[in-house]
Engineer: 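One structure coming up, written as structure tokens, with questions to follow.
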Amino acid sequence: MSQINVKVGENSRIFPAPISVAEALKSVDRDLLKKSLAAKVNGEEVDLSFELRPTDEVLSIEPILQETRDGLEVIRHSAAHLLAAAVLDLFPGTKLGVGPALMDDPRYGYYYDVITPETLTEADLPVIEKRMRQIAGKNLAYRREEISRDNLVKLFNERDEPLKCELINEKAGETATAYHIDNTSFVDFCLGPHVPNTNKLKAFKLLALSGAYWKGDANNQQMQRIYGTAFATQEELEAWLKQREEAEKRDHRRVGKELDLFSIQEDYGQGMIFWHPKGGAIRTEMENYLRDELQRRGYGMVFTPHIAKRQLWQISGHEENYAENLFEPTKLPEWMKEETEFRLKPMNCPFHIGIYKTHPRSYRELPVRYAELGTVYRAELSGTLHGLMRVRGFTQDDAHIFCTPEQVETEVGACVDFAYDVFKTFGFETFKVELSVRGEAHNKGFLGSHEDWENAENALVKALKAREIEYERIEGEAAFYGPKIDIKVEDSIGRLWQLSTVQFDFNLPERFELEYIADDNKPHRPIMVHRALFGSVERFFGVLIEHYAGAFPFWLAPVQIAILPITDRINEYAETVGDELRQAGFRVETNLKSDKIGAKIREAQIQKVPFMIVLGDKELEENKIAVREKNKGDLGAMNLDEFIETARKLRETRALTNV
RNA sequence: GCCCGAGUAGCUCAGGGGUAGAGCGCAUCCUUGGUAAGGAUGAGGUCAUGGGUUCAAAUCCCAUCUUGGGCUCCA
């Protein structure tokens with residue numbers, strides 16, 4: 001029994017006990033050990049220093065290589081420890097919170113939450129980072145220690161680390177594990193695994209400083225969070241930083257300003273969007289497209305007010321369940337002596353229900369589909385506001401479908417098809433679908449009968465399966481009033497945006513006592529489905545700006561054609577050509593400045609105008625136009641009619657490129 | 001809301017206890033130039049707002065407003 005039977009890949013070896021994972025790997029393949037950061041023994045993650053115990057079974061060892069996702073996680077987690085060690089070193093008396101690796105956040109790779117004696121500022125980040133490099137350069141070992149819970153609590157008590165003690169008491173079993181970085185004063189309560197030595201951390205960077213509540217709860221004390229990232233190699237880090245720069249360049253706030261699309265004005269109110277003519281042109285196209293599609297798909301367009309009696313929001317349950325996002329009630333002026341209170345609408349649903357209820361419904365008229373570009377107002381915390389992405393007033397491309405249980409599956413399917421069609425039109429190709437359901441353990445607090453939930457979930461699943469759409473099922477993530485499908489899209493630089501949602505609602509039909517008369521001549525409760533495709537028109541606009549980096553396809557471009565006369569002898573001809581194009585329904589700008597043609601072209605390029613029409617004496621003489629496409633350059637001279645034909649086709653097909 | 005930044009010309013930003021700066025944009029004039037920047041001249045700012053320190057504040061301090069990054073993907 002003092003032997004250990006080990007399997008690494010296809011290689012089996014027998015070693016005399018004791019032996020560490022590292023030694024076992026090394027004897028199989030020396031290079032393999034070099035590339036390994038940790039390992040999995042029979043599936044369990046361990047450090048390379050882990051001592052294998054004699055046992056009858058064969059221990060299968062799978063190294064965690066640095067180029068894998070697991071490897072990256074180890075690197076980042078270890079970098080977080082290194083960060084904490086540096087902070088402790090620089091700022092004695094610092095209290096530590098938690099410091100995990102972040103694997104799914106494109107912005108950051110890890111963080112550590114700390115409370116330092118003096119609050120940190122961004123100027124401290126380079127200092128901390130420098131100290132991290134110094135420590136890493138000393139080739140210090142990450143050392144794991146198994147220790148009883150009580151002793152570990154004692155240890156952290158002595159170090160005056162109350163938050164750590166709290167965590168240990170919450171999470172640890174009888175025995176806990178602690179990690180040290182040798183020759184530093186840093187110890188952490190941590191499961192590991194970690195890199196064997198700081199020399200494995202070659203590419204890391206600190207990125208940002210922010211506030212964070214202990215355990216994410218605003219009732220708890222606020223700590224300072226230091227964000228960083230780390231990669232296996234310097235090249236990867238640099239590539240990532242470059243990609244980050246790219247993303248910054250296409251930030252919708254920056255592009256929105258450069259192209260004069262929209263503004264947010266501090267003097268008028270935070271979180272409210274002003275659409276300038278150029279943004280307005282894009283929005284008009286988006287809406288026209290949507291309205292066409294809604295009409296084709298059997299929706300009725302409705303328009304409803306922005307405020308309603310407060311009582312309505314009591315019936316709907318918004319005051320009860322959505323209170324934190326509601327604006328306070330408002331009233332008529334004092335002198336009118338009318339006490340009725342009103343509220344700005346946070347959602348459109350009650351209004352659509354109002355229309356549904358204006359007369360008795362027969363099963364023969366179902367499904368009823370109401371669509372509205374409904375502007376809603378929500379009280380978002382000022383700190384969460386962000387450009388077009390998070391605002392206080394926005395327009396939903398909202399719709400509500402009232403139908404019978406038999407119709408649900410078809411209706412849900414049609415919504416999903418609709419969403420996919422819309423996204424493809426705007427040039428999105430990759431989607432991620434999430435099905436949020438009640439979940440086994442969460443029967444409490446959810447409205448509606450068990451049967452309703454089953455049926456609803458089945459309808460959602462069937463609709464997805466019929467379309468062979470892969471989806472992720474998320475237990476317990478449903479809204480309290482019903483299950484839902486969320487659709488996320490991936491933009492041109494690989495970021496995911498949650499846009500569409502299709503949600504069942506068991507709550508409102510109940511609260512508003514919705515009915516239809518079925519073929520049994522009895523009243524039944526209709527099923528209600530909420531559905532939004534863009535989600536918010538403002539937000540979708542923001543996503544589009546970033547997706548296209550401001551270079552909108554022809555049908556959406558705020559200025560589709562720039563007319564650039566070479567000399568002012570041609571101005572009149574330029575105006576004529578411009579007018580004809582406007583008559584043909586295109587958005588045209590004529591540049592009559594006394595700039596040279598190169599400068600005019602440059603300006604149009606910067607404004608990302610799809611087509612330029614260059615006009616000189618030659619064109620005037622021959623009654624032609626010289627066309628230049630934004631990406632392809634000079635296309636040569638052609639007749640205006642010819643060009644209009646091409647442009648019409650691009651517009652009508654909503655082509656994504658100007659081929 | 002809370003933590004840390006930031007707020008100077010239309011935009012991007014430099015400066016910094018003692019006449020307010022640049023580039024781009026804009027205007028005027030010269031130039032009429034053939035596919036990514038022609039030249040000259042000029043206009044534009046209570047340095048976010050309010051208070052304080054000081055002989056003196058855009059600069060330092062405090063408050064307010066606005067804005068940016070964030071606010072448990074678990075030890």
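Chain A is the first sequence line, chain B the second, and so forth, proteins listed ahead of strands; every chain is numbered from 1.
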Engineer: Measuring to OP1 and OP2 of B/C26, would you say a side-chain N or O of A/K593 lies under 4.0 angstrom away?
Structural biologist: yes

Engineer: Just the table, please: protein N/O against nucleotides 64-70 of chain B N/O, every pair under 3.5 Å.
Structural biologist:
residue	atom	partner	partner atom	Å
B/U66	OP1	A/Q270	NE2	2.4
B/U66	O2'	A/E266	OE2	2.8
B/U67	OP2	A/Q270	OE1	3.2
B/G68	O3'	A/R253	NH1	3.1
B/G69	OP1	A/R253	NH1	3.1
B/G69	OP1	A/R253	NH2	3.0
B/G69	OP1	A/H386	ND1	3.3
B/G69	OP2	A/H386	ND1	3.1
B/G69	O3'	A/Y108	OH	3.4
B/G69	O2'	A/Y108	OH	3.3
B/G69	N2	A/L209	O	3.3
B/G70	OP1	A/R107	NH1	2.8
B/G70	OP1	A/Y108	OH	3.4
B/G70	O3'	A/Y227	OH	2.9
B/G70	O2'	A/S210	OG	2.3
B/G70	O2'	A/Y227	OH	3.4
B/G70	O6	A/G383	O	3.4
B/G70	N2	A/Q222	NE2	3.4

Engineer: So, does the side chain of A/R628 form a donor-acceptor pair with the base of B/U35 at under 3.5 Å?
Structural biologist: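 Checked by distance alone, the answer is yes.
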
Engineer: Quiz question: by atom type and distance under 3.5 Å, do the side chains of A/Q498 and A/R539 form a donor-acceptor pair?
Structural biologist: no

Engineer: Contact class for A/A178 (heavy atom, under 4.0 Å): base, sugar-phosphate, or nothing?
Structural biologist: nothing

Engineer: Taking the same atom, C1', in B/A9 and in B/C24, what whole-Å distance lies between them?
Structural biologist: 12 Å

Engineer: Please evaluate the base of B/G1 for a donor-acceptor partner in the side chain of A/E380 within a cut-off of under 3.5 Å?
Structural biologist: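 Side chain to base: no pair below 3.5 Å.
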
Engineer: Is the closest side-chain donor-acceptor distance between A/Y322 and A/R378 under 3.5 Å?
Structural biologist: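 A/R378 and A/Y322 do have a side-chain donor-acceptor pair below 3.5 Å.
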
Engineer: From the set B/G34, B/G5, B/C11, return the single nucleotide nearest to any side-chain atom of A/T121.
Structural biologist: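 Looking only at heavy atoms from C-beta outward on A/T121, the closest nucleotide is B/G5.
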
Engineer: So what does A/E619 touch, heavy atoms closer than 4.0 Å: a base, only the sugar-phosphate, or nothing?
Structural biologist: base

Engineer: By the 4.0 Å heavy-atom rule, please label A/Y111 as base, sugar-phosphate, or nothing.
Structural biologist: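 Counting heavy atoms under 4.0 Å across all strands, the contact made by A/Y111 is with sugar-phosphate only.
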
Engineer: In terms of side-chain heavy atoms, does A/W214 have a donor or acceptor partner in A/D113 at a distance below 3.5 Å?
Structural biologist: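 No.
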
Engineer: Side chains of A/Y142 and A/R144: do they bring a donor and an acceptor to under 3.5 Å?
Structural biologist: no

Engineer: What contact category does A/H77 fall into here, base, sugar-phosphate, or nothing, at under 4.0 angstrom with non-hydrogen atoms?
Structural biologist: sugar-phosphate

Engineer: Any donor-acceptor pair under 3.5 Å between the side chain of A/K171 and the base of B/C74?
Structural biologist: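 It does, because a donor-acceptor pair links the side chain of A/K171 to the base of B/C74 below 3.5 Å.
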
Engineer: Within the structure shown, what part of the strands sits under 4.0 Å from A/D217 by heavy-atom distance: base, sugar-phosphate, or nothing?
Structural biologist: nothing

Engineer: Could you tell me the separation between the CD atom of A/E145 and the OH atom of A/Y179, rounded to the nearest 0.5 Å?
Structural biologist: 11.5 Å

Engineer: Is B/U19 in the syn or the anti form, by the rule that syn lies within 90° of 0?
Structural biologist: syn

Engineer: Looking only at side chains, do A/Q265 and A/S263 share a donor and an acceptor under 3.5 Å apart?
Structural biologist: yes

